[in-house]
Amino acid sequence: MRLDFWRHWSVRARLLCVTVIPLAYMFSTFVWYAYHSRLSEVREEMAERGPLVAKVLAESSEFSLLSGRYDDLRLTINGLLRSDASIYRIEVLDAQRHELVQASAHAPGQPDARYYEAPVLKRLMFVTMLAADGKPYLKDKPAGASSVAVETMGYVRVTMSPSALLVKQTHRFYVELLVASLGLMACALLAWQLSTGLNASLQASMQALRAADAEKRRLIRKVNTAVEDERKSIALEIHDELNATLIAARLEAQRIVDVSEPGEVRERAQSIIKLALGLYNSGRTLVRRLRPEVLDMLGLDGAVEEMVRHYDRAHAGCRYAFRADGQFAQLESGIGISAYRIMQEALSNIAKHARATQVTVSLSLNGTGLRMEIADNGSGYDAALASPGIGIVGMRERVAAFDGRIDISTAIGAGTRIAIFIPQA
């Protein structure tokens, strides 16, 4: 069973659970306590009433046992059974515990497993007499005996029945249960109302946050578009103005070389040719960085493959591998340039910091969107301690601008893996 099933619940459902679960626990605890309290009261009442009935009946049965008037004793017992429904059976036994009188209640019920017993005592009192010499003496008193002798002549055994007491306690329990249920329903309704209000407030806040986030993404897209347009404009100016001027300066210097005699002038002109050529190559490199022409010519997969080849040639101690899957001609241009910039930043970070010997780059485009993965076997870093640099922040913002996801997995000595998904509308 998954322990995070609640993550898919709505805010209202979570609020209701947070409120209702403690209430349900308290309700269950109260019901359990009330039920067992009533049972305990029944046991305590039987333990108190049973010995009392046995004792009272034993004290009132002495004359009946002495005189053998068992019918009177039976009438007394039956009257007691009719007046007290908690008594199930009463037995009168002789001194040898042989049954003399027995009566049971006619009302339905189950007897208790215990019974309560009290002895029927016969008290002998010796009469004081006057002797012939006028001295008092106790007639028939044995030597050394007290003036009152006690003898057990029988037993009264009372068996109680909890049924009648349970009926009375059950009525009380039902009343308590009704009151507790009404309280629980009132609390549940209150929780429902509170969750409705809080849910509406939270939904409004979340809607405002979503709107703000969407506005932020639109702003990032506009900023990136403006930056790319400005880069394109600068690249065109460098290509059309600066590089054209450098070509013209090179051609003029070549003419000087062609018409001049060997000497300082020709050497100066050849130096100008070399400087112009170097500046021209630097300008073309700068143009490619500002606006990669290969992206327009070959698409994202071809541009990234060309970038990977460049890094593979430039870093002899590290091998770069590339694979692509999908028709990248259908990719939106805005997503394409952002993905290219993300790849530039990722490979640049690997070259500067990773100290890797193997780098794998993969692109995949299907109906859901673009997937990118850059993995290396470099030194990695502790993501919990390291603060993200400007490059990582820029990558996250570019991905967030298209409502995508970026996941960076790394550890010290375990390399780094960057997985990116950008949905395509």
Side-chain angles (χ1 to χ4, degrees), residues 210 213-232 235 287-315 318-351 354 356 358-378 388 391-410 415-425:
R210 292 191 188 99
D213 186 59
E215 184 65 26
K216 175 187 175 182
R217 290 197 297 270
R218 287 194 296 269
L219 179 60
I220 292 175
R221 286 190 186 185
K222 289 182 179 179
V223 169
N224 289 338
T225 302
V227 169
E228 293 298 333
D229 291 343
E230 186 64 22
R231 285 181 173 180
K232 183 177 181 180
V287 168
R288 290 193 189 97
R289 289 182 59 85
L290 289 173
R291 181 64 183 180
E293 298 174 354
V294 68
L295 186 62
D296 297 329
M297 297 169 56
L298 303 178
L300 178 63
D301 54 338
V304 173
E305 185 177 9
E306 181 66 24
M307 187 192 310
V308 171
R309 287 177 182 173
H310 169 74
Y311 275 96
D312 189 59
R313 290 192 300 268
H315 300 83
C318 183
R319 297 295 87 193
Y320 289 76
F322 173 77
R323 65 176 181 270
D325 181 27
Q327 298 296 325
F328 290 89
Q330 304 172 358
L331 187 64
E332 182 185 341
S333 61
I335 296 178
I337 188 63
S338 292
Y340 185 83
R341 296 300 184 195
I342 291 171
M343 192 65 67
Q344 269 187 330
E345 182 63 34
L347 293 179
S348 175
N349 287 341
I350 292 174
Q358 184 68 41
V359 179
T360 303
V361 178
S362 64
L363 294 177
S364 175
L365 181 65
N366 52 30
T368 58
L370 173 66
R371 298 182 186 274
M372 305 168 59
E373 183 174 308
I374 308 99
D376 67 76
N377 63 347
I392 298 295
V393 173
M395 292 167 61
R396 292 186 184 278
E397 288 183 350
R398 286 184 181 275
V399 173
F402 293 94
D403 199 19
R405 300 189 303 271
I406 179 171
D407 179 46
I408 301 177
S409 303
T410 184
T416 303
R417 174 182 171 273
I418 302 175
I420 297 170
F421 173 73
I422 300 177
Q424 186 172 226

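Computed from a predicted model, the values in this text were never measured in an experiment.
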Leu347 vs Val361, test: side chain to side chain contact (heavy atoms under 4.5 Å, CB included). Steps then yes/no. CA-CA 9 Å; Leu347 293 179; Val361 178; 4.0 Å; yes
Show the numbers, then the answer: is there a side chain to side chain contact (heavy atoms under 4.5 Å, CB included) between Ile406 and Ile418? CA-CA 7 Å; Ile406 179 171; Ile418 302 175; 4.2 Å; yes
List the steps and the verdict of side chain to side chain contact (heavy atoms under 4.5 Å, CB included) for Leu370 and Phe328. CA-CA 9 Å; Leu370 173 66; Phe328 290 89; 3.8 Å; yes
For Phe322 and Ser362, run side chain to side chain contact (heavy atoms under 4.5 Å, CB included): C-alpha distance rounded to whole Å, both residues' side-chain angles, the deciding distance at 0.1 Å, then the answer. CA-CA 6 Å; Phe322 173 77; Ser362 64; over 6 Å; no
Kindly determine whether Arg309 and Glu305 satisfy salt bridge (Lys or Arg N to Asp or Glu O under 4.0 Å), including the steps that lead there. CA-CA 6 Å; Arg309 287 177 182 173; Glu305 185 177 9; 3.0 Å; yes
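Rounded to the nearest 0.5 Å, atoms OG (Ser348) and CE (Met307) are 10.0 Å apart. Atom CD1 in Ile408 sits 7.5 Å away from atom CD1 in Ile420 (nearest 0.5 Å). Taken from CG in Leu365 to CD in Gln424, the straight-line distance is 5.5 Å, to the nearest 0.5 Å. Atoms CD and CZ, from Glu373 and Phe421 in turn, are 14.0 Å apart once rounded to the nearest 0.5 Å. Remark: Gln358 CD to Arg319 CZ distance equals 8.5 Å, nearest 0.5 Å. If you take CG on Asn349 and CD1 on Ile392, they are separated by 5.5 Å, rounding to the nearest 0.5 Å.
Heavy-atom minimum distance, Cys318 versus Val359: SG-CG2, 3.6 Å. Scanning both residues, Asp376 and Ala354, for their nearest heavy atoms gives OD1-CB, 4.0 Å. Scanning both residues, Gly404 and Pro423, for their nearest heavy atoms gives CA-CD, 3.7 Å.
Of the possible polar contacts, none joining the Asp312 side chain to the His315 backbone as a donor-acceptor pair under 3.5 Å is found. Remark: the backbone N or O of Ala356 is not paired with any side-chain donor or acceptor of Asn377 at under 3.5 angstrom.
Side-chain atoms of Val393 and Glu397, non-hydrogen and from C-beta on, do get closer than 4.5 Å to each other.
The one candidate from Gln344, Met343, Met372 that meets the side-chain contact (heavy atoms from CB on, under 4.5 Å) condition with Val304 is Met343.
For Arg323, the CZ atom counts as loosely surrounded, since its 6.0 Å shell holds 12 or fewer non-hydrogen atoms of other residues, nucleotides or ligands.
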